[in-house]
Visitor: 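Below is the structure I would like to discuss, written out as structure tokens.
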2 protein chains.
Amino acid sequence: MPLEIKPSQALRLWRQVHLDLVRDGDADLSARQTAILLTIYLELPPHTVRGLAAQLGVTKPVITRALDTMGKLGLVTRKRDDFDRRNVVIQRTVAGALAVERLADLVVERAREMGGS
Amino acid sequence: MPLEIKPSQALRLWRQVHLDLVRDGDADLSARQTAILLTIYLELPPHTVRGLAAQLGVTKPVITRALDTMGKLGLVTRKRDDFDRRNVVIQRTVAGALAVERLADLVVERAREMGGS
DNA sequence: GGATAATGATACGGGTCCGTAACGATCGGG
DNA sequence: CCCGATCGTTACGGACCCGTATCATTATCC
């Protein structure tokens, strides 16, 4: 069964969650970083710079820079692939998993508060 | 009746919509800009710099800069208040309304594609 | 082994954003 | 009328991000 949601509900949900994210202020990820982070944590490993760049439709430096930033925040880790040492495998972290889980709870909670229309 | 959504659904929806936003590439608004834009288009006017700053929990220059950027994109307009010429009233535009409407449709469409769990 | 290809990282110039602090314009009370 | 309060904007130094181009490292193929 599909998830039914009305346009006005979608907008109010989108606004409220973004308000929460801005007010909590801890992360402040860009749209690209959010897409990268969720791809890493939702899609099956392994993840590489090239693969992520292709999925997002952006250039490789974008991914490298985003991984730098998210690495500083402790949300992901990089590790060279031992089978093909040209590749870098992006790995999940406990902090990253917690952040993703918190985002999910936030969306669920705000959705629950959305009234009828 | 509340809007029921499971954590895994929320995350997949969040990821898919962000992927679409990145791939379309036209806007690429930050979380703050998104919150500002949706507040302007969902909450009752009038909107002022000070009021938006208070709602988002950020400083006034943040709002000024965001309005500069969104003004260049044609998403909002500024106009001095004739009754109190210190105030600036933020107004909606046709392009902004269209962008908001497109975002709503995107969320609705992606939600509809979200499978059971 | 040497040429070729592929991967991720880096340099660069330009743009945006941040928070703090200062500023000009405007209103309002004494 | 003038002084303080309020509004939005701008200046500043620092940080981040973008896309293009280039680089070092590693694998592959003849």
Visitor: What is the separation between atom CG on L52(B) and atom C1' on dG8(D), rounded to the nearest whole Å?
Guide: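 Interatomic distance, CG of L52(B) to C1' of dG8(D): 12 Å.
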Visitor: Roughly how many Å is it from CD1 in I90(A) to C1' in dA9(C), rounded to a whole number?
Guide: 13 Å
Visitor: When you compare the side chain of L56(B) with that of V62(B), does any pair of heavy atoms fall below 4.5 Å?
Guide: no
Visitor: At under 4.0 Å between heavy atoms, which parts of nucleotides 19-30 of chain C does protein reach? Answer with one letter per nucleotide, 5' to 3': B base, S sugar-phosphate only, - none.
Guide: BBB----BS---
Visitor: dC16(D) P sits how many Å from D68(A) CG, rounded?
Guide: 10 Å
Visitor: Using whole Å, what does the distance between atom C1' of nucleotide dC18(D) and atom CD1 of I63(A) come to?
Guide: 13 Å
Visitor: Run the numbers on R102(A) and L106(A) for side-chain contact (heavy atoms from CB on, under 4.5 Å), then give the verdict.
Guide: CA-CA 6 Å; R102(A) 214 155 50 83; L106(A) 179 59; over 6 Å; no
Visitor: Whole-Å distance between dC17(D) P and L67(A) CG?
Guide: 11 Å
Visitor: Does any part of the side chain of H18(B), heavy atoms only, come nearer than 4.5 Å to the side chain of T39(A), both counted from C-beta?
Guide: no
Visitor: Is it the case that one hydrophobic cluster holds both V17(B) and L42(A), taking links as side-chain heavy atoms less than 4.5 Å apart, direct or via other members?
Guide: yes
Visitor: Take the protein atom CG of L56(A) and the nucleotide atom C1' of dC17(D), then report the distance between them rounded to whole Å.
Guide: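 Roughly 15 Å, once rounded to whole Å.
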Visitor: Would V76(B) and V89(B) show up in the same hydrophobic cluster when neighbours are defined by side-chain heavy atoms closer than 4.5 Å?
Guide: no
Visitor: Whole Å only: how far is the CZ atom of R50(A) from the C1' atom of dA9(C)?
Guide: 15 Å
Visitor: Between L29(B) and T69(B), is there a side-chain heavy-atom distance shorter than 4.5 Å?
Guide: no
Visitor: Calculate the interatomic distance between H47(A) atom NE2 and dG8(C) atom P; express it in whole Å.
Guide: 13 Å
Visitor: Among L37(B), T77(B), T93(B), which residue satisfies the side chain to side chain contact (heavy atoms under 4.5 Å, CB included) criterion with M70(B)?
Guide: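 Running side chain to side chain contact (heavy atoms under 4.5 Å, CB included) over L37(B), T77(B), T93(B) with M70(B) returns exactly one hit, L37(B).
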Visitor: Would you say T64(A) places a side-chain N or O within less than 4.0 Å of OP1 or OP2 belonging to dA9(C)?
Guide: yes
Visitor: Give a yes/no on whether any side-chain N or O of Q33(B) is located under 4.0 angstrom from OP1 or OP2 of dC17(C).
Guide: yes
Visitor: Give one of base, sugar-phosphate or nothing for S30(A), where a contact means two heavy atoms less than 4.0 Å apart.
Guide: nothing
